[in-house]
There are 2 protein chains.
Amino acid sequence: MTYNEFKKIVKISKEEISGQILERNRDSIKVKKEEKVIENLIRIIDATLKICSKKSFQAMSIRDLSAESGLSGGALYSYFSSKEELLVLIQTQGREIANRVLVDQVVKSSDPVEKLRIAIKSHIYLSEAMRNWFYFTYIEARNLPKNEQKLAIESELQTEKLFIDIINGGIEEKVFRDENVVLVASVIKAMLQDWYLKSWKYRNRKVSVDDYADFVIHVAESILLI
Amino acid sequence: MTYNEFKKIVKISKEEISGQILERNRDSIKVKKEEKVIENLIRIIDATLKICSKKSFQAMSIRDLSAESGLSGGALYSYFSSKEELLVLIQTQGREIANRVLVDQVVKSSDPVEKLRIAIKSHIYLSEAMRNWFYFTYIEARNLPKNEQKLAIESELQTEKLFIDIINGGIEEKVFRDENVVLVASVIKAMLQDWYLKSWKYRNRKVSVDDYADFVIHVAESILLI
DNA sequence: TAAAAAAATACGAACGTTCATTTATTTCTT
DNA sequence: AAGAAATAAATGAACGTTCGTATTTTTTTA
């Protein structure tokens with residue numbers, strides 16, 4: 001699988017995402033016409049992610065968001081009931097998509113070596129396709145309210161668990177070395193995150209997403225393969 | 001070298017750090033008595049790092065800092081001329097210390113394998129000894145003014161260059177495999193950073209700093225050693 | 001050495017600004 | 001025309017910063 005093939009397989013339309021957000025947040029969205037909601041949620045989220053790739057969510061004012069999204073300050077409050085709710089909304093949806101796509105891809109194989117490759121590639125490709133989402137989810141997690149922070153941490157650990165399970169499977173089947181599984185999973189995760197946290201660096205150096213994914217697989221297999 | 005040995009060798013006293021900050025910032029510090037400056041800079045920086053391990057620098061108000069440091073809002077402005085300057089001041093000093101200690105350690109050996117081990121251990125141990133500094137420097141870099149952001153990026157690339165040079169040395173001496181040097185250095189860096197970015201995770205799992213450093217060395221050598 | 005004077009430092013209320021949010025009004029849509 | 005949606009102006013709280021005053025420390029005087 002290459003990045004281009006991945007993008008064809010995994011369709012993540014903005015309309016679909018907005019639709020899900022609408023379902024989750026009917027109560028706090030005051031606008032009734034679904035089309036309007038979906039259209040404007042897309043504009044709001046696009047604008048937020050764009051602004052927050054340059055400055056923090058806190059530093060983004062409602063005026064900034066209004067200017068970038070083309071909606072007035074007052075109109076924005078028809079789509080969320082507080083700035084903090086907007087933060088939570090984007091974070092929750094981001095985690096949901098990431099987790100769903102990743103799990104969907106991994107179950108496609110039952111061979112541990114293949115599973116590990118798929119998991120690494122899917123994560124990197126997904127974080128490339130939704131770079132702003134991933135960056136935002138990572139960097140703004142600490143500004144969430146306490147209970148939402150807990151959910152973010154759980155989600156992070158769940159993703160890691162997915163890798164732990166794959167590696168354990170490989171050790172049982174004696175295709176992987178008996179390494180410290182938790183540490184192996186941790187450093188794989190660290191490598192995956194580097195792709196979207198330092199995207200500026202890799203772009204400057206002309207490292208393609210396929211190059212990077214292959215290299216991370218190479219590293220993982222250097223540690224694990226017998 | 002273990003973490004405890006490292007701490008004995010590398011003395012990083014708060015007084016020394018504050019003294020250096022005073023030297024760098026004589027102009028904007030209005031208080032004349034050196035002792036006072038050093039004592040209060042320590043309080044201010046400790047308070048800032050403590051608060052910012054829980055919320056962002058932006059979210060920290062001068063009133064918060066006043067309460068935590070025990071100095072009045074007015075008094076604080078005798079030690080820096082704006083909140084932004086305080087951010088820059090801490091970041092600059094943090095980078096300076098990190099770079100100096102790392103370079104000092106690495107020159108101690110001329111063997112690539114040994115050099116790589118020292119570089120990895122020093123970085124992880126240093127980031128453990130100054131965890132709040134490192135976390136703050138990483139997480140708040142994006143809130144710096146444009147020109148300071150450039151310096152932060154340069155510093156990041158310089159650290160990576162240090163690893164690149166070590167690896168290239170090893171390849172020339174034919175003790176390391178001829179891998180993609182830039183990518184190897186990148187993922188090593190990613191693993192190093194994970195230690196202080198996810199310290200909560202490793203502490204919960206009772207992974208010691210020595211365990212982690214040894215493991216990162218193990219991974220690096222799995223990729224590189226012939 | 002002790003009191004008085006001067007200097008240095010710290011304080012905290014007050015200022016102007018900016019922000020998130022609300023409200024009153026206007027503009028679309030059907 | 002009636003209901004829905006968007007706007008623009010208004011509101012009050014919170015922020016960084018300043019500044020006149022109070023307190024502490026140092027120096028001078030006797």
Side-chain angles (χ1 to χ4, degrees), chain A residues 18 21-22 25-48 51-52 54-90 140 143-145, chain B residues 18 21-22 25-48 51-52 54-90 140 143-145:
Chain A
S18 278
I21 294 178
L22 172 53
N25 300 73
R26 276 245 159 69
D27 301 344
S28 41
I29 297 175
K30 285 151 201 148
V31 173
K32 299 186 176 174
K33 275 192 73 182
E34 278 211 9
E35 282 175 49
K36 264 264 132 79
V37 175
I38 286 172
E39 176 199 327
N40 283 339
L41 275 180
I42 292 173
R43 291 165 79 181
I44 292 169
I45 291 171
D46 279 352
T48 304
I51 294 169
C52 291
K54 281 165 198 153
K55 52 168 126 172
S56 73
F57 184 77
Q58 274 231 36
M60 175 189 80
S61 68
I62 294 294
R63 284 171 184 81
D64 291 338
L65 185 55
S66 165
E68 182 71 38
S69 68
L71 284 158
S72 70
L76 291 173
Y77 278 84
S78 305
Y79 296 90
F80 51 77
S81 54
S82 72
K83 198 185 164 196
E84 186 175 80
E85 196 189 79
L86 174 63
L87 172 61
V88 171
L89 176 155
I90 297 180
E140 297 294 346
N143 299 320
L144 287 167
Chain B
S18 278
I21 294 178
L22 173 53
N25 301 73
R26 275 244 160 70
D27 300 344
S28 42
I29 297 176
K30 285 153 201 145
V31 172
K32 299 184 176 175
K33 276 195 72 185
E34 279 211 8
E35 283 175 47
K36 264 263 135 79
V37 174
I38 287 172
E39 177 199 325
N40 283 339
L41 275 180
I42 292 173
R43 292 164 79 182
I44 292 170
I45 293 171
D46 279 352
T48 304
I51 294 170
C52 292
K54 282 164 198 152
K55 53 167 123 171
S56 73
F57 184 78
Q58 275 231 34
M60 175 189 80
S61 68
I62 293 295
R63 285 162 186 83
D64 290 338
L65 185 54
S66 166
E68 182 71 36
S69 67
L71 285 159
S72 69
L76 290 173
Y77 277 84
S78 305
Y79 295 91
F80 51 77
S81 54
S82 72
K83 198 185 165 197
E84 187 175 80
E85 196 188 78
L86 173 64
L87 173 62
V88 171
L89 177 155
I90 297 179
E140 298 294 346
N143 298 320
L144 286 167

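Within every chain, numbering begins at 1; the chains are lettered A, B, ... in the order of the sequence lines, protein sequences first and strands thereafter.
Put simply, the side chain of A:Thr48 gets close to the backbone of A:Ile44: a donor and an acceptor are under 3.5 Å apart. A donor-acceptor pair under 3.5 Å is formed between the side chain of B:Lys83 and the backbone N or O of B:Gln58.
Closest contact between the side chain of A:Lys83 and the listed nucleotides D:dA6, C:dA20, D:dA5 involves C:dA20. Comparing atom distances between the A:Tyr77 side chain and each of D:dT17, D:dA6, C:dT21 picks out C:dT21 as nearest. The side chain of B:Leu71 lies closest to C:dC11 when the candidates are D:dG16, C:dC11, C:dA20. Listed nucleotides C:dG12, C:dT22, C:dA14 differ in distance to B:Ser72; the shortest reach to its side chain belongs to C:dG12.
In this structure, NZ of A:Lys30 is placed 12 Å from C1' of D:dA5, rounded to the nearest angstrom. At whole-Å resolution of the value, CG in A:Leu65 and P in C:dT21 are 12 Å apart. The nearest whole Å value for the distance from the CG atom in B:Leu86 to the C1' atom in D:dT17 is 14 Å. The CG atom of A:Leu76 sits 11 Å away from the P atom of C:dA20 (whole-angstrom rounding). At whole-Å resolution of the value, CD in A:Gln58 and P in D:dA14 are 14 Å apart. Spacing between atom CZ of A:Arg63 and atom C1' of D:dA8 amounts to 11 Å, rounded to whole angstrom units. We find that CD1 of B:Ile62 is positioned 16 Å from C1' of C:dC15, with the value rounded to whole Å. Whole-Å rounding puts the B:Lys55 NZ to D:dC15 P distance at 8 Å.
Taking the side chain as every heavy atom from C-beta outward, A:Asn40 and A:Leu71 approach each other to under 4.5 Å.
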Stepwise, does the side chain to side chain contact (heavy atoms under 4.5 Å, CB included) test hold for B:Glu34 with B:Val37?
CA-CA 5 Å; B:Glu34 279 211 8; B:Val37 174; 5.6 Å; no

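The heavy-atom pair separating A:Ser56 from A:Glu140 by the smallest distance is CA-OE2, 3.5 Å.
Contacts of A:Ser81 with the nucleic acid, taken as non-hydrogen atoms under 4.0 Å apart, are absent. Counting non-hydrogen atoms under 4.0 angstrom, B:Ser66 reaches nothing in the nucleic acid. A:Ser61 comes within 4.0 angstrom of sugar-phosphate atoms only, judged by non-hydrogen atoms across all strands, and of no base.
Neither OP1 nor OP2 of C:dT9 sits under 4.0 Å from any side-chain N or O of B:Lys36. A close approach under 4.0 Å does occur between a side-chain nitrogen or oxygen of A:Tyr79 and OP1 or OP2 of D:dA6. Proximity of B:Asn40 to the phosphate of C:dA10: a side-chain N or O atom is located under 4.0 Å from OP1 or OP2.
Of the two residues contacting DNA chain C, namely B:Glu34 and A:Ala59, the nearest-nucleotide position lying further toward the 5' end is that of B:Glu34. Position along DNA chain D of the nearest nucleotide to B:Phe57 versus B:Lys33 favours B:Phe57 as the more 5'-ward residue.
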